[in-house]
J.: 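One structure coming up, written as structure tokens, with questions to follow.
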Amino acid sequence: MSQFKSDFLRTLEQRGYIKQTTHVAELDAYCDSGTPVAYIGFDATADSLHVGSLVGILMLRRFQQAGGRPIVLMGGGTTKVGDPTDKEASRPILTEAQIEQNIRGIRQVFETFLRFDDSPNGALMVNNESWLGALGYIDFLRDIGRYFTINSMVKQDTVARRLANEQPYTFLEFNYLLLQSYDFLELSRRHGCFLQMGGSDQWGNIIGGIDLVHKADGGQAFGLTCPLITTASGGKMGKTADGAVWLNADKCLPYDYWQFWRNTEDGDVGRFLRLFSDLPLDEITRLEALQGADINQAKIALANETTRMLHGDAAAQAAEAAAEQAFAAGGVSEDLPTHDLDPKAYPDGPSTIVLLRTAGLVGSNGEARRKLQEGAVRINDQRVDADTQHGWDSMMPDVTAFKVQLGKKKIALVRPV
């Protein structure tokens with residue numbers, strides 16, 4: 001039996017989103033009355049978010065599904081400072097034009113997960129540059145800085161770790177806690193927002209904002225964090241050997257996104273279905289109970305649901321069909337990742353290593369040779385060695401690209417262009 005009365009917190013509890021909360025009973029009452037408002041802040045350091053941000057995105061989605069109004073706070077102002085939380089070094093400073101371009105790219109993803117309209121719980125996207133950019137520095141320090149003590153600020157994990165390791169911690173970064181806390185105060189005043197959510201690494205910043213709302217306006221505010229997601233083997237969620245798994249289709253093809261989820265470890269399937277899909281809990285219970293090879297049905301369901309939510313039904317169906325054709329039937333599909341290679345650079349045809357590098361399946365020649373020694377590489381469904389030269393006329397009959405496969409899970413096409 002759940003301890004919560006509100007649909008939102010019950011859902012988060014059942015699906016494994018909750019790590020920390022403040023004022024549990026009062027927060028539950030807030031979420032169970034009227035139209036509560038909650039926000040999560042996102043950096044604008046790139047033109048796409050990656051899978052590591054997906055838990056936060058889906059918390060906002062669950063909040064809207066439960067009748068709340070979600071606010072996506074884009075850090076157009078704070079990105080100029082750079083969030084130092086859990087960072088061992090300062091981030092590069094971006095120009096205003098770069099930040100604006102990044103926000104445009106990020107909005108595309110949110111429009112697939114949230115409903116932006118004029119209804120009472122229609123989502124909002126706001127940019128903290130709209131108030132941070134207008135601050136007079138001396139006035140800000142006088143009005144806001146007086147609520148923060150150096151004693152408490154230097155106890156934050158990031159600050160303490162950098163100082164202990166004698167690593168630089170700039171005065172610019174030191175102001176980040178004040179700025180993020182001020183975001184909460186502004187959102188409470190402008191939009192009646194009294195709940196901030198985020199990853200558990202943001203707990204200190206969230207507490208700072210709650211304290212500021214209370215001290216400056218005498219109001220009560222709330223915080224809720226989700227656990228930082230790791231895989232069953234201890235790896236960081238959303239990180240692969242090839243780098244981050246991006247959410248924008250121009251940075252990660254729908255097929256690659258589908259394949260990422262299809263390759264989920266057995267021990268993660270049930271947990272990831274709860275966190276990252278909208279499937280009913282009883283269906284998830286059935287899927288995670290599958291044993292042996294049947295667990296692949298659950299992995300395919302996870303891949304289909306996550307890809308459908310981000311890229312749509314057609315993309316999910318195409319990705320599943322492409323994978324089935326490529327791996328089970330030994331064929332190719334135009335929905336597979338495709339990479340171009342200039343035939344003029346290789347008049348006699350590319351080597352196996354060139355094909356592996358061009359297909360993006362390895363990061364170096366050394367890695368390619370190791371995989372070849374392990375017998376993990378196939379070109380056109382045939383096992384090959386490093387020195388095999390692949391003439392352009394040796395591509396698969398009736399197709400216009402090489403099929404390059406690494407192990408059982410990675411496959412791509414390389415075509416002459």
Side-chain angles (χ1 to χ4, degrees), residues 1-42 53-73 109-126 184 187-188 191-200 202-203 206-207 209-210 213 219-229 269-288 301-302 304-306 308-310:
M1 179 107 180
S2 175
Q3 63 174 313
F4 300 115
K5 295 180 180 179
S6 64
D7 290 340
F8 174 60
L9 292 181
R10 274 203 310 273
T11 297
L12 292 198
E13 180 183 45
Q14 293 167 346
R15 289 184 174 266
Y17 284 93
I18 299 177
K19 172 72 173 179
Q20 300 152 299
T21 61
T22 66
H23 315 93
V24 176
E26 294 88 345
L27 171 60
D28 192 24
Y30 176 65
C31 292
D32 196 39
S33 61
T35 303
V37 186
Y39 87 96
I40 298 179
F42 296 88
S53 299
L54 197 54
V55 174
I57 295 171
L58 288 171
M59 287 175 75
L60 292 174
R61 179 182 174 89
R62 309 291 184 208
F63 189 68
Q64 187 173 50
Q65 289 172 336
R69 184 173 207 180
I71 296 179
V72 180
L73 177 65
V109 167
F110 280 100
E111 288 175 343
T112 69
F113 287 98
L114 301 176
R115 188 186 73 256
F116 290 85
D117 57 32
D118 295 329
S119 64
N121 77 324
L124 297 175
M125 177 174 281
V126 297
F184 202 170
L187 289 172
S188 69
H191 300 289
C193 177
F194 295 102
L195 171 59
Q196 181 182 174
M197 304 187 293
S200 58
Q202 293 294 318
W203 182 246
I206 291 173
I207 294 298
I210 292 171
V213 171
Q220 187 170 32
F222 309 100
L224 187 157
T225 69
C226 60
L228 299 181
I229 307 301
V269 175
R271 181 165 60 107
F272 285 3
L273 279 167
R274 287 184 179 86
L275 287 169
F276 300 113
S277 84
D278 281 344
L279 285 178
L281 292 173
D282 56 354
E283 174 64 4
I284 293 173
T285 300
R286 183 190 71 80
L287 287 168
E288 69 178 337
L302 173 64
N304 284 339
E305 285 299 305
T306 51
R308 179 190 60 77
M309 289 171 69
L310 179 61

J.: Give a yes or no answer on whether the side chain of Asn121 reaches the backbone of Gln64 with a donor-acceptor pair at less than 3.5 Å.
T.: yes

J.: Please check if the side chain of Arg15 supplies one atom and the backbone of Ser277 the other of a donor-acceptor pair under 3.5 Å.
T.: yes

J.: Do any N or O atoms from the side chain of Thr225 and from the backbone of Gln20 form a donor-acceptor pair under 3.5 angstrom?
T.: yes

J.: What I'd like to find out is whether the side chain of Ile71 reaches to under 4.5 Å of the side chain of Val37, using heavy atoms alone.
T.: yes

J.: Where the side chain of Arg10 meets the backbone of Lys5, is there a donor-acceptor pair that is under 3.5 Å apart?
T.: yes

J.: In plain terms, say whether Arg62 and Asp278 are close enough for a salt bridge, that is, a side-chain N and a carboxylate O under 4.0 Å apart.
T.: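 Looking at Arg62 and Asp278, the cut-off is met.
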
J.: Got a sec, which residues hit side-chain hydrogen bond (donor to acceptor under 3.5 Å, both in side chains) with Tyr30, two or more places apart in sequence or on another chain?
T.: none

J.: Does some side-chain heavy atom of Gln65 sit less than 4.5 Å from a side-chain heavy atom of Thr11?
T.: no

J.: Could you walk me through whether Ile284 and Arg271 satisfy the side-chain contact (heavy atoms from CB on, under 4.5 Å) test, starting with their C-alpha distance in whole Å, then the side-chain angles of each, then the deciding distance to 0.1 Å, before giving a yes or no?
T.: CA-CA 9 Å; Ile284 293 173; Arg271 181 165 60 107; over 6 Å; no

J.: Which is it for Thr22 and Trp203 under the side-chain contact (heavy atoms from CB on, under 4.5 Å) test, yes or no, and what are the steps along the way?
T.: CA-CA 10 Å; Thr22 66; Trp203 182 246; 3.4 Å; yes

J.: Counting distance only, does the side-chain N/O of Arg61 pair as donor-acceptor with the main-chain N or O of Leu114 below 3.5 Å?
T.: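 Between the backbone of Leu114 and the side chain of Arg61 there is no qualifying donor-acceptor contact (under 3.5 Å).
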
J.: Atom CG of Leu187 and atom CG of Leu73: how far apart are they, to the nearest 0.5 Å?
T.: 5.5 Å

J.: Nearest 0.5 Å please: distance from the CD atom of Glu305 over to the CD atom of Glu283.
T.: 9.0 Å

J.: How many angstroms lie between CG in Asp28 and CG in Leu9, if you round to the nearest 0.5 Å?
T.: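 Reported to 0.5 Å precision, the distance equals 5.0 Å.
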
